[in-house]
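Report on the structure given below.
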Amino acid sequence: MDYLHQFVFGIYPYIALAIFLLGSLMRFEREQYSWKSESSQLLHRGSLRLGNILFHLGIIGLFFGHAVGLLTPVAVWNALGVTHSFKQVFAMTAGGIMGTLCLIGVLLLLHRRFSNDRLTANTTWRDKLVLLWILATLLLGLSTIAVSAGHLDGHEMVLLMSWAQHIITFRGDAATFVAGVSPMFKAHLFMGMTLFVIFPFTRLVHVWSGFGAVTYLGRTWQLVRPRH
């Protein structure tokens, strides 16, 4: 179990990151025609609009919330006068709100996709995998709120922060920080890391295009000449 723990939380994060980055690059180089969100609106509208809005609002909030919460050094929070207890309660509250919005969105999208025969017939196994994997990851994440509520001292949160910061700075002792955390957190971390593994092989690659779309703000005007 010690070896498995070291692999999952000390080595696997780098494997997941490598697959995420290199897989996305290879997908863009070799299969550009498949690089899209694969919208199914023309097949069946249903609750697509509401589900999409709630899902994207929630998951974007969760992504940036996790990034700021886990990767901001503890020294910065201490310098700002933010106690570990306050940060934990704030993270539980914000994460609960964003997670609930995202969960409602996912459930609406799942219901829409599997309640219409035409849409179900055009749903690939990768579409099912993404939605169900995100659903499971969300449920585990929301379950950690109950675990955190049992101890509001912020200690376990600091351990998770230390793990994430040791991973991105390539320090070999990262796995030791999460050795004693709740199994619910460990399962959530594993599911979250694996989401990056399946990312390049699914419609999730369109997220890169979302970030890239910012460059359109500074693009030059398109010159259109009429034919005569």
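Note that this is a predicted model, so its numbers are computed, not measured. We number each residue from 1, following the sequence as shown. Side chains are part of it too, since the values below use all heavy atoms of this structure and drop only hydrogens, waters and symmetry mates.
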message: How close do G23 and P200 get, counting heavy atoms only, and between which atoms?
response: C-CB, 3.4 Å

message: Minimum heavy-atom separation for S148 and M92, please, with both atom names.
response: CB-SD, 3.7 Å

message: Applying a strict under-4.5 Å side-chain criterion to I, L, V, M, F, W and Y, I'd like to know whether F63 and I60 cluster together.
response: yes

message: I'd like to check F20 versus V197 (side-chain heavy atoms, cut-off strictly below 4.5 Å). Are they in contact?
response: no

field: From NE2 (H5) to CD1 (I11), nearest 0.5 Å
entry: 11.5 Å

message: Ignoring hydrogens, what is the shortest heavy-atom contact between L101 and G58? Give both atom names and the distance.
response: CB-CA, 4.3 Å

query: Roughly how far apart are T93 OG1 and Q88 CD, rounded to 0.5 Å?
result: 10.5 Å

query: Taking H84 for the side chain and M157 for the main chain, is one N or O donor matched with an acceptor at less than 3.5 Å?
result: no

message: Can a donor-acceptor pair be found, under 3.5 Å and without considering hydrogens, that links the side chain of Q6 to the backbone of A175?
response: no

- prompt: Do L54 and V106 come within less than 4.5 Å of each other through their side chains, counting heavy atoms only?
  reply: no

task: Could you please spell out the steps behind the side-chain contact (heavy atoms from CB on, under 4.5 Å) verdict for L132 and L110?
output: CA-CA 8 Å; L132 293 175; L110 279 169; 4.2 Å; yes

query: With Y14, which residues qualify under ring pair (Phe, Tyr, Trp, His ring centres under 6.0 Å), at least two apart?
result: F170

- request: Output yes when a side-chain donor or acceptor of N116 lies under 3.5 Å from a complementary backbone atom of L119, and no otherwise.
  value: yes

- prompt: Tell me, do L21 and F199 make a side-chain contact under 4.5 Å, heavy atoms counted?
  reply: no

message: Go through it in stages, so that I can follow the logic: the residues are Q165 and L70, the test is side-chain contact (heavy atoms from CB on, under 4.5 Å), and I'd like the CA-CA distance, side-chain angles, deciding distance and then a yes or no.
response: CA-CA 7 Å; Q165 291 167 26; L70 290 174; over 6 Å; no

query: Okay, side chain of T83, backbone of F86: is any donor-acceptor separation there less than 3.5 Å?
result: yes

message: Evaluate F201 against I19 for side-chain contact (heavy atoms from CB on, under 4.5 Å), listing each step before the verdict.
response: CA-CA 10 Å; F201 311 103; I19 294 175; 3.9 Å; yes

- request: Compare every heavy atom of L62 with every heavy atom of G95, then report the nearest pair and how far apart it is.
  value: O-CD2, 3.9 Å

query: Just how far is it from atom CG of L159 to atom OG1 of T176, taken to the nearest 0.5 Å?
result: 9.0 Å

query: Under the 3.5 angstrom rule, does the side chain of H111 hit a backbone N or O of L108 as a donor-acceptor pair?
result: no

message: Using the rule that Ile, Leu, Val, Met, Phe, Trp and Tyr join whenever any side-chain heavy atoms are under 4.5 Å apart, tell me whether W208 and L22 fall into a single cluster.
response: no

message: With a 4.5 Å cut-off on side-chain heavy atoms, are V158 and K87 touching?
response: no

query: L25 and V205: same hydrophobic cluster, using ILVMFWY side-chain contacts below 4.5 Å?
result: no

- prompt: Is it the case that T202 and R126 place a side-chain donor and acceptor less than 3.5 Å from each other?
  reply: no

- prompt: How long is the span from the CZ atom in R113 to the CG atom in L131, to the nearest 0.5 Å?
  reply: 6.0 Å

statement: Output for pair (L138 CG, I104 CD1), nearest 0.5 Å, gives 11.0 Å

field: Residues D127 and T124: side-chain donor-acceptor under 3.5 angstrom
entry: yes

For residues 184-196, tabulate all N or O donor-acceptor pairs below 3.5 Å that involve a side-chain atom, not counting sequence neighbours.
from: K186; atom 1: NZ; to: A179; atom 2: O; distance (Å): 2.9
from: H188; atom 1: ND1; to: T137; atom 2: O; distance (Å): 3.2
from: H188; atom 1: ND1; to: G141; atom 2: N; distance (Å): 3.4
from: T194; atom 1: OG1; to: Y12; atom 2: OH; distance (Å): 2.8
from: T194; atom 1: OG1; to: F190; atom 2: O; distance (Å): 2.8

- prompt: Do I59 and I53 sit in the same hydrophobic cluster, where Ile, Leu, Val, Met, Phe, Trp and Tyr count as joined when their side-chain heavy atoms come under 4.5 Å apart?
  reply: no

- prompt: Does some side-chain heavy atom of F7 sit less than 4.5 Å from a side-chain heavy atom of I15?
  reply: yes

message: Please check: side-chain N/O of E156 versus main-chain N/O of S182, any donor-acceptor pairing under 3.5 Å?
response: yes

field: Shortest non-hydrogen contact from K128 toward T123
entry: CG-CG2, 3.7 Å

field: Exceeds 12 heavy-atom contacts within 6.0 angstrom, atom CZ of F114
entry: yes

- request: Kindly compute the distance separating CD1 (I198) from CD1 (I134), expressed to the nearest 0.5 Å.
  value: 7.0 Å

statement: Of all heavy-atom pairs linking W163 and F9, the shortest is NE1-O, 2.8 Å

